[in-house]
Participant: 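One structure coming up, written as structure tokens, with questions to follow.
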2 protein chains.
Amino acid sequence: MKPTIRDVARMANVSISTVSRVMNAPESVTKDKRQRVLEAIESLNYHPNALARGLIFKKSQLLGVLIPDIRNPYFGEIIRGMEDAAKQLGYNLMIYNTDRVPERIISYLDTLNKQQADGLLFVSDYVQRQYYETMQACGYPVVLVSTVSFEYELPSVKVDEEAAAFEAVSYLIEQGHQHIGLICFTLPDPISGQTRHDGFVRALERNNLHHCASYVEFATHWFEEAYAATSRLFDRYPHLTAVFACSDEFAMGVISCLHDRGIRVPDQVSVVGFDNLRMSWMTIPKLTTIAQPMYAIGWRAVEKMHEQLEFGEAAVLREWLPHELIVRESTLPMFHRPQHRE
Amino acid sequence: MKPTIRDVARMANVSISTVSRVMNAPESVTKDKRQRVLEAIESLNYHPNALARGLIFKKSQLLGVLIPDIRNPYFGEIIRGMEDAAKQLGYNLMIYNTDRVPERIISYLDTLNKQQADGLLFVSDYVQRQYYETMQACGYPVVLVSTVSFEYELPSVKVDEEAAAFEAVSYLIEQGHQHIGLICFTLPDPISGQTRHDGFVRALERNNLHHCASYVEFATHWFEEAYAATSRLFDRYPHLTAVFACSDEFAMGVISCLHDRGIRVPDQVSVVGFDNLRMSWMTIPKLTTIAQPMYAIGWRAVEKMHEQLEFGEAAVLREWLPHELIVRESTLPMFHRPQHRE
DNA sequence: AATGACGTTGAAAAGGTTTTCAAAAAAAGA
DNA sequence: TCTTTTTTTGAAAACCTTTTCAACGTCATT
């Protein structure tokens with residue numbers, strides 16, 4: 001049976017109030033008693049019951065994290081940033097996988113409510129009306145992570161994906177590519193699908209490459225789908241010399257498909273990814289990609305939650321963290337490509 | 001302000017006991033009252049406070065997970081299995097990254113105690129004396145995940161790594177390889193380092209290939225280290241025709257290093273990995289590897305925890321889940337290798 | 001009509017902590 | 001030495017549930 005504050009009090013021969021004070025306001029207790037209490041705590045290996053404290057303070061120090069799927073390394077990086085910040089600020093992270101399934105999400109939203117979570121970190125999913133209403137009803141503060149809402153006033157931390165996509169495609173164009181394809185998240189996804197598509201189109205238009213606008217195929221999240229999408233893309237447009245893939249996993253799907261078709265990357269086709277997963281520099285060739293500061297996104301999200309919890313609201317509502325184009329081996333300028341090499 | 005059971009009672013015009021009964025033993029309440037209570041619950045969006053319930057039942061429904069680093073996709077898979085099982089059994093997972101640093105581990109062990117976690121899932125690290133003692137002192141049940149202890153009687157779920165390594169190396173030998181190297185976790189790691197090394201050596205001895213026993217280099221966890229280790233290995237033994245890498249990440253380091261040295265995989269050197277991460281079939285070439293059932297390991301671990309919580313102890317103490325050799329493209333039989341191809 | 005059995009209900013205690021308030025002890029002042 | 005002020009202390013209430021126990025009302029049996 002776990003020792004309680006009563007056990008400590010009895011052993012130190014003081015009241016429980018005194019024990020509580022020793023832990024929360026040590027100066028208000030005389031030295032000798034404090035000493036006795038400390039010894040008792042030590043020898044009983046006493047730890048105050050967080051449930052009981054939570055009941056009083058109406059704070060559980062628990063933060064709920066709703067994430068599509070922890071198996072995606074992208075989320076692993078974010079979670080790590082969150083957890084390090086959480087440790088520092090005294091929170092604990094409860095992780096839930098949603099697969100972006102509405103029923104799961106609603107169910108977890110209620111779970112958090114029951115568990116008295118102090119706040120919700122909602123990662124990488126579009127905030128539907130129903131979600132928002134449930135969040136409101138539950139009353140805990142929310143931080144949107146790697147997603148954003150313009151319908152609702154929810155604090156968020158993410159990268160400007162439109163700009164990032166624009167930069168990636170612009171880079172390809174600068175390198176002399178005139179026939180650029182896109183392997184895109186499906187457009188119903190307004191956060192990562194639509195925005196990256198927008199950036200792609202804007203870069204095209206800025207450079208009078210309107211003809212590329214139809215060089216697009218869609219996939220949802222997975223390598224296999226990107227592989228299949230690439231297959232469709234090159235069936236239709238075999239003359240493409242570059243592909244912008246909306247994630248590093250997509251990029252690997254692209255490269256894998258191209259490899260199977262006997263097309264060399266980057267000699268014949270350049271590929272740019274998105275995310276800069278650890279894995280992106282383990283591949284052959286190493287991926288040129290848009291780096292997102294995943295760790296920092298997670299860290300900032302927890303800080304932002306802390307701001308809300310401490311001051312009632314976040315200092316900045318929608319926060320944009322910088323991205324960065326990282327050039328590695330999967331891209332080549334048109335004018336440097338080996339000619340007719342077989 | 002969150003509604004409490006009192007608010008519900010007031011609205012339904014009954015006592016709080018009745019409300020409680022409606023939730024925990026509905027049949028014991030007359031239909032009309034039950035109806036009124038249910039309506040009140042609904043309209044207030046009332047959820048019972050888990051902190052208060054936890055205080056009474058001495059159960060928080062919280063499980064602590066101590067994991068080296070969630071960024072490692074291997075752990076992502078395990079966590080997902082855990083979380084799905086947790087959802088089904090009514091638990092919530094609190095995740096903590098240890099980096100295998102003793103101070104962090106001890107600190108988290110105490111945190112769990114404070115948070116009243118119902119149990120600890122200790123993932124993939126050696127159980128040191130000090131850890132065990134702290135666990136005992138805290139008094140929560142423990143399940144070892146992808147690790148095991150022979151000093152202490154702690155339930156565990158994992159794969160037989162010695163046998164798995166034996167199988168991987170035996171396969172290489174069957175394929176006609178006579179000069180096989182090993183990129184191994186450092187030996188101070190008794191769980192994944194020593195055992196896989198043992199399996200390697202046993203396969204060698206069984207086949208009279210003792211001369212290979214010195215074809216070993218060590219690395220700790222990361223791609224870069226595996227890359228460097230491979231470099232050292234081939235500096236010393238350029239005649240190797242196969243390498244067994246102790247993880248898929250290692251295997252990618254091996255392949256990357258070999259690639260940079262102009263050595264083709266699998267044409268000139270075969271490589272076998274370990275784990276079967278999702279990533280292992282996204283690479284070029286796709287990895288031949290020992291598959292661990294990560295998802296199942298996580299799932300079983302939570303079930304095992306549940307057994308302990310419900311029945312006082314786990315049905316089976318040390319549980320071994322099956323591994324499987326998956327042959328893909330990174331290995332080739334000696335007699336099929338393209339000769340003198342340049 | 002009276003008794004007993006049973007089902008339904010509410011008051012109160014318990015769970016482990018913090019905090020308010022009043023009492024006791026110590027220190028300061030006269 | 002006796003008051004007054006200040007510091008230190010403990011009892012009790014509060015946080016939100018569940019559960020025991022006793023009381024009440026209903027119904028059936030005699």
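A note on names: the letters A, B, ... follow the listed sequences, proteins ahead of strands, and every chain is numbered from 1. No experiment lies behind these values; they were computed from the predicted model shown.
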Participant: D:dG10, D:dT19, D:dT8: which one has an atom nearest the side-chain heavy atoms of A:Ser17?
Facilitator: D:dG10
Participant: Between the protein and nucleotides 14-17 of chain D, list every N/O to N/O distance that falls short of 3.5 Å.
Facilitator:
unit_1: D:dC15; atom_1: O3'; unit_2: A:Lys58; atom_2: NZ; d: 3.2
unit_1: D:dC16; atom_1: OP1; unit_2: A:Lys58; atom_2: NZ; d: 2.6
unit_1: D:dT17; atom_1: OP1; unit_2: B:Tyr46; atom_2: OH; d: 2.8
unit_1: D:dT17; atom_1: OP1; unit_2: B:Asn49; atom_2: N; d: 3.3
unit_1: D:dT17; atom_1: OP2; unit_2: B:Ile5; atom_2: N; d: 2.7
unit_1: D:dT17; atom_1: O5'; unit_2: B:Tyr46; atom_2: OH; d: 3.2

Participant: Please list, in 5' to 3' order, the outermost nucleotides of DNA chain C lying under 4.0 Å from any heavy atom of chain B.
Facilitator: C:dT8 to C:dG16
Participant: By side chain to side chain contact (heavy atoms under 4.5 Å, CB included), which residues pair with A:Pro73, not counting sequence neighbours?
Facilitator: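 For A:Pro73, the residues satisfying side chain to side chain contact (heavy atoms under 4.5 Å, CB included) (neighbours in sequence not counted) are A:Leu277.
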Participant: Atom pairs under 3.5 Å, N or O on each side, protein against nucleotides 21-24 of chain D: can you list them with distances?
Facilitator:
none

Participant: For residues 27-86 of chain B, which residue pairs qualify under ring-ring contact (aromatic ring centres under 6.0 Å, His included), counting only residues two or more places apart or in two chains?
Facilitator: none
Participant: From CD of A:Glu27 over to P of D:dT9, roughly how many Å is that when rounded to an integer?
Facilitator: 13 Å
Participant: Which residue pairs pass the ring-ring contact (aromatic ring centres under 6.0 Å, His included) test with at least one member in residues 6-25 of chain A, sequence neighbours excluded?
Facilitator: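 Output for this query is empty, none listed.
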Participant: For the helix from C:dA1-D:dT30 to C:dA30-D:dT1, what is the angle between the axes at its two ends, each from 5 pairs, rounded to 10°?
Facilitator: 60°
Participant: Not counting sequence neighbours, list each pair that qualifies as a salt bridge (Lys or Arg N to Asp or Glu O under 4.0 Å) and has a residue in residues 128-137 of chain A.
Facilitator: A:Arg129-A:Glu133
Participant: In residues 107-115 of chain A, what residues come within less than 4.0 Å of DNA chain C, judged by heavy atoms?
Facilitator: none
Participant: Who passes salt bridge (charged side-chain N to carboxylate O under 4.0 Å, His left out) against A:Asp189, sequence neighbours left out?
Facilitator: none
Participant: Could you work out, with side chain to side chain contact (heavy atoms under 4.5 Å, CB included) as the rule, every residue matching B:Glu151, not counting sequence neighbours?
Facilitator: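 Applying side chain to side chain contact (heavy atoms under 4.5 Å, CB included) to B:Glu151 gives B:Tyr126, B:Ser149.
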Participant: Of B:Leu51 and B:Asp32, whose closest DNA chain C nucleotide lies nearer the 5' terminus?
Facilitator: B:Asp32
Participant: With sequence neighbours left out, write down each residue that passes ring pair (Phe, Tyr, Trp, His ring centres under 6.0 Å) with A:Tyr108, or none if nothing qualifies.
Facilitator: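 Residues passing ring pair (Phe, Tyr, Trp, His ring centres under 6.0 Å) with A:Tyr108: A:Tyr96.
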